[in-house]
Amino acid sequence: MTTYIKAPRVLRLTFEFHIPQGMGVNIRNTKRFEAVNVITAAVQAVVGRAFPWADRMRVRHEWMYAWWDETAEVELPPTPVNTRSDHAGEPC
């Protein structure tokens with residue numbers, strides 16, 4: 001049986017930086033990598049204060065042309081384990 005202490009826990013934050021359509025700018029790889037390094041350093045500088053339990057962070061960066069990007073949120077039917085009750089906040 002996995003205890004709460006042994007369970008792998010990860011806080012994942014996702015940031016996307018969008019360039020407005022129609023901007024006539026060619027962003028070179030060196031500029032992108034510089035931006036990634038600066039943003040990573042900024043997060044690393046505050047994470048010790050904001051989330052002191054973390055012992056490492058994983059940085060993933062991606063560059064793409066997003067011709068089609070769609071996100072949908074779908075409501076699921078209520079069940080006993082996904083609906084708030086008098087036992088909210090208790091371990092499952």
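Excluded from the calculations below are hydrogen atoms, water molecules and symmetry mates; all remaining heavy atoms, backbone and side chain alike, are included.
You'll find the side chain of Ile27 reaches within 4.5 Å of the side chain of Trp63, heavy atoms only.
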For residues 13-24, tabulate all N or O donor-acceptor pairs below 3.5 Å that involve a side-chain atom, not counting sequence neighbours.
{"residue": "Glu16", "atom": "OE1", "partner": "His18", "partner atom": "NE2", "Å": "3.1"}

Distance-only check: which donor-acceptor pairs under 3.5 Å involve side-chain atoms of residues 65-72, not counting sequence neighbours?
none

Let me check something: any side-chain donor-acceptor pairs from residues 29-48 under 3.5 Å, sequence neighbours excluded? List them with distances.
{"residue": "Asn29", "atom": "OD1", "partner": "Arg32", "partner atom": "NH2", "Å": "2.1"}
{"residue": "Asn37", "atom": "ND2", "partner": "Phe33", "partner atom": "O", "Å": "3.3"}
{"residue": "Thr40", "atom": "OG1", "partner": "Val36", "partner atom": "O", "Å": "2.7"}

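Here Thr79 pairs with Asn82 under the side-chain hydrogen bond (donor to acceptor under 3.5 Å, both in side chains) rule; sequence neighbours left out.
Sorted by first and then second residue, the salt bridge (Lys or Arg N to Asp or Glu O under 4.0 Å) pairs with a member in residues 52-66 read Arg60-Glu62; sequence neighbours excluded.
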